[in-house]
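Here you go, one structure.
Side-chain atoms are counted along with the backbone in the values below, which use heavy atoms only and exclude waters and symmetry mates.
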Amino acid sequence: MPRLGRVFRDATRGRRLRGLATMAGSALSNQVGAAVGAHAFDAVGPPGVVAVRQWVAAAVLLPLARPPVRRLRWSQWWPVLLLALVFATMNLSLYTAIDRVGLGLAVTLEFLGPLGVALAGSRTRRDLLIALVAAAGVYVLVLPGPASDVAGLVIGAVAGCCWAAYILLNRLAGARLPGLQAPAVASALCAVGYLPVLVVLAAQDRLTGAPLLAAVAAGVLSSAVPYAADLVALRYVPARAFGVAMSAHPVLAALVGMVLLGQFLPVHVWVGIAVVVLANAAAVVGTASAGRAGCRSGATPGEVAPLGAGR
């Protein structure tokens, strides 16, 4: 029996290690995709890259989810329509921010969205302290001054607000449509909305060769791979571990930006990223603890604000 128990423990440890490795690969793929897409900005701009990425996302999600579009009721349609609008705005604002302020800073600003959701509604001193620490980290990250790209910083913050809205809408839509049906329909609607961008770029003969390949690669690496990998990872690791691992995205974005885009960040930006990442990890752990306490007291896990996964 002791030997059998050790076998089970080793199997569980192996599953969690595979899950963690899958999450790391998903996060790295997401940021590499954004960096590859940035190489197409000069030719097609952020809207062109986002348009191609949305079509790739729709092509991946629709066959997986197979949503019954003709049978959807209005109570299911309106959250999906809002989710499509959030997708369109979130990805465009993120890629525009990457173009203006760099990958590491843009992704860190975007990450304030899930952090805000995790802390929203809390009245504990601990969460208030986390919010103050995160605010201090943002100030150190940005160090506002005359040379700051204010527009780029604001656009990055808009991406964060959109990610927060995505988390809340995805929770609502997910309660009315099972599985990936809601994001699948929303991605398809968003792709259709971006179709005029592709038509204009194609008419101008700009969506060819290397820019097109870079945009498609961004869609595959930042949409298809993370969606599949995150679904696999959630089978092996607890939700709390998944949320903490998500906190590594800003760090990976900064490293990928440095390696693939030559975006070398000053020390204060690294310090700010570290502070925001630690604040987010602390918020995830606190939210998970609150969720367990809520379940013990009769609340449902869904009442605890989750951190969103992929976009």
Open item on the list: Could you measure the distance from the CG atom of Leu189 to the CD atom of Gln54? Nearest 0.5 Å is fine.
Closed with: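 So the gap between those two atoms works out to 10.5 Å.
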Task: Transitive ILVMFWY side-chain link Val138 to Leu119, under 4.5 Å - done: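 Val138 clusters together with Leu119.
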Open item on the list: Nearest 0.5 angstrom please: Leu177 CG to Leu72 CG, how far?
Closed with: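 Going from the CG atom of Leu177 to the CG atom of Leu72 covers 5.5 Å.
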Task: Under 3.5 Å donor-acceptor, Gln31 side chain and Leu28 backbone - done: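 Not a single qualifying donor-acceptor pair exists.
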Task: Interatomic distance, His249 atom NE2 to Ser26 atom OG [nearest 0.5 angstrom] - done: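 The NE2 atom of His249 sits 5.5 Å away from the OG atom of Ser26.
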Open item on the list: Tell me the closest heavy-atom pair linking Arg176 and Pro79, and the distance in Å.
Closed with: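 Between these two residues, the closest heavy atoms are NH1-CG, 4.0 Å.
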TODO: Taking all heavy atoms of Leu207 and all of Leu198, pick out the closest pair and write down the distance.
DONE: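 For Leu207 versus Leu198, the nearest heavy atoms are CD2-CD2, 3.7 Å.
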Task: side-chain contact (heavy atoms from CB on, under 4.5 Å) partner of Thr96, the single match among Val101, Ile155, Val158 - done: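 Going through Val101, Ile155, Val158 one by one, the side-chain contact (heavy atoms from CB on, under 4.5 Å) with Thr96 is satisfied by Ile155 alone.
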Task: Shortest non-hydrogen contact from Val60 toward Ala224 - done: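 Where Val60 meets Ala224 most closely, the heavy atoms are CG2-CB, 3.5 Å.
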- [ ] Using a 4.5 Å cut-off on heavy atoms from C-beta on, say whether the side chain of Thr208 contacts that of Leu212.
- [x]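 Leu212 does not reach Thr208 side chain to side chain.
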Open item on the list: Is there a path of hydrophobic side-chain contacts, each under 4.5 Å between heavy atoms, that joins Leu265 and Leu141?
Closed with: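 In one cluster with Leu265: Leu141, yes.
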Open item on the list: Hydrogens and angles aside, do Asp127 and Thr124 bring a side-chain donor and acceptor to less than 3.5 Å of each other?
Closed with: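 Side chains of Asp127 and Thr124: pair found under 3.5 Å.
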TODO: Check whether any side-chain heavy atom of Gln76 lies under 4.5 Å from a side-chain heavy atom of Val80, and answer yes or no.
DONE: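 Sidechains of Val80 and Gln76: no contact.
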Task: Hydrophobic cluster identity match, Ile273 and Phe264, side-chain contacts under 4.5 Å - done: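 Linked, Ile273 and Phe264 end up in one cluster.
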TODO: Please check if Val269 and Val133 belong to a single hydrophobic cluster, counting links between Ile, Leu, Val, Met, Phe, Trp and Tyr side chain heavy atoms closer than 4.5 Å.
DONE: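 No, Val269 and Val133 fall in different hydrophobic clusters.
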- [ ] Would you please indicate yes or no on a ring centroid separation below 6.0 angstrom for Phe111 and Trp163?
- [x]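 Yes, the ring centres sit under 6.0 Å apart.
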Task: Distance in Å, Arg66 CZ paired with Leu61 CG, rounded so as to fall on 0.5 Å steps - done: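 If I round to the nearest 0.5 Å, the distance is 13.5 Å.
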- [ ] For the residue pair Val52 and Val49, establish whether any side-chain heavy-atom pair is separated by less than 4.5 Å.
- [x]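 Not touching, per the 4.5 Å side-chain cut-off.
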Open item on the list: Could you measure the distance from the CZ atom of Arg206 to the CG atom of Asp42? Nearest 0.5 Å is fine.
Closed with: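 That separation rounds to 10.5 Å.
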Task: Arg100: which of Leu153, Leu105, Asp149, Val150 passes side-chain contact (heavy atoms from CB on, under 4.5 Å) - done: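 Exactly one option meets the side-chain contact (heavy atoms from CB on, under 4.5 Å) with Arg100, and it is Asp149.
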- [ ] I would like to know whether Val259 and Leu255 meet side-chain contact (heavy atoms from CB on, under 4.5 Å); could you show each step before the answer?
- [x] CA-CA 6 Å; Val259 173; Leu255 292 173; 5.5 Å; no
- [ ] Given side-chain contact (heavy atoms from CB on, under 4.5 Å), test Leu195 with Trp55 step by step and report yes or no.
- [x] CA-CA 9 Å; Leu195 185 58; Trp55 277 92; 3.9 Å; yes
Open item on the list: With heavy-atom distances below 4.5 Å as the criterion, would you say the side chains of Val225 and Asn30 are in contact?
Closed with: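 A side-chain contact is absent here, since even the closest heavy-atom pair is not under 4.5 Å.
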Open item on the list: Could you check whether any side-chain heavy atom of Val276 comes within less than 4.5 Å of a side-chain heavy atom of Pro250, counting everything from C-beta outward?
Closed with: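 Not touching, per the 4.5 Å side-chain cut-off.
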Open item on the list: Is it true that Arg53 and Tyr95 share a donor-acceptor pair across their side chains at a distance under 3.5 Å?
Closed with: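 The criterion, which ignores hydrogens and geometry beyond distance, is satisfied for Arg53 and Tyr95.
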Task: Least distance between heavy atoms, Ala184 atom then Leu62 atom - done: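 Where Ala184 meets Leu62 most closely, the heavy atoms are O-CD2, 3.8 Å.
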Task: Phe87 and Tyr166 aromatic ring geometry - parallel, tilted or perpendicular at 30°/60° bounds - done: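 Tilted: the ring planes of Tyr166 and Phe87 meet at 30° to 60°.
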TODO: Using a 4.5 Å cut-off on heavy atoms from C-beta on, say whether the side chain of Leu92 contacts that of Tyr194.
DONE: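 Counting from C-beta outward, Tyr194 and Leu92 do come under 4.5 Å.
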Task: Ser29 side-chain N/O to Gly25 backbone N/O, donor-acceptor pair under 3.5 Å - done: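 Looks like no, no N/O pair under 3.5 Å.
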Task: Stepwise side-chain contact (heavy atoms from CB on, under 4.5 Å) test for Trp77 and Val69 - done: CA-CA 9 Å; Trp77 266 115; Val69 177; 3.7 Å; yes
Open item on the list: Which heavy atom of Leu221 sits nearest to which heavy atom of Gly33, and what is that distance?
Closed with: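 Closest approach of Leu221 to Gly33, heavy atoms only: CB-CA, 3.6 Å.
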TODO: Apply the test side-chain contact (heavy atoms from CB on, under 4.5 Å) to residues Leu85 and Leu81: give CA-CA distance (whole Å), side-chain angles for both, the deciding distance (0.1 Å), then the verdict.
DONE: CA-CA 6 Å; Leu85 180 62; Leu81 291 172; over 6 Å; no
- [ ] May I ask whether Val56 and Val199 are part of the same hydrophobic cluster, defined by side-chain heavy atoms of I, L, V, M, F, W, Y residues being less than 4.5 angstrom apart, directly or through others?
- [x]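 Yes, same cluster.
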Task: Shortest non-hydrogen contact from His268 toward Val140 - done: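 Nearest heavy atoms, His268 then Val140: ND1-O, 2.8 Å.
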Task: Side chain Ser187, main chain Ala57, donor-acceptor under 3.5 Å - done: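 Looks like no, no N/O pair under 3.5 Å.
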Open item on the list: Has Thr89 got a side-chain atom pairing as donor or acceptor with Val86's backbone, closer than 3.5 angstrom?
Closed with: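 The answer is no, because no donor-acceptor pair under 3.5 Å joins these two groups.
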- [ ] To the nearest 0.5 angstrom, please state how far the CG atom of Leu172 sits from the OG atom of Ser75.
- [x]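 One gets 9.5 Å once the value is rounded to the nearest 0.5 Å.
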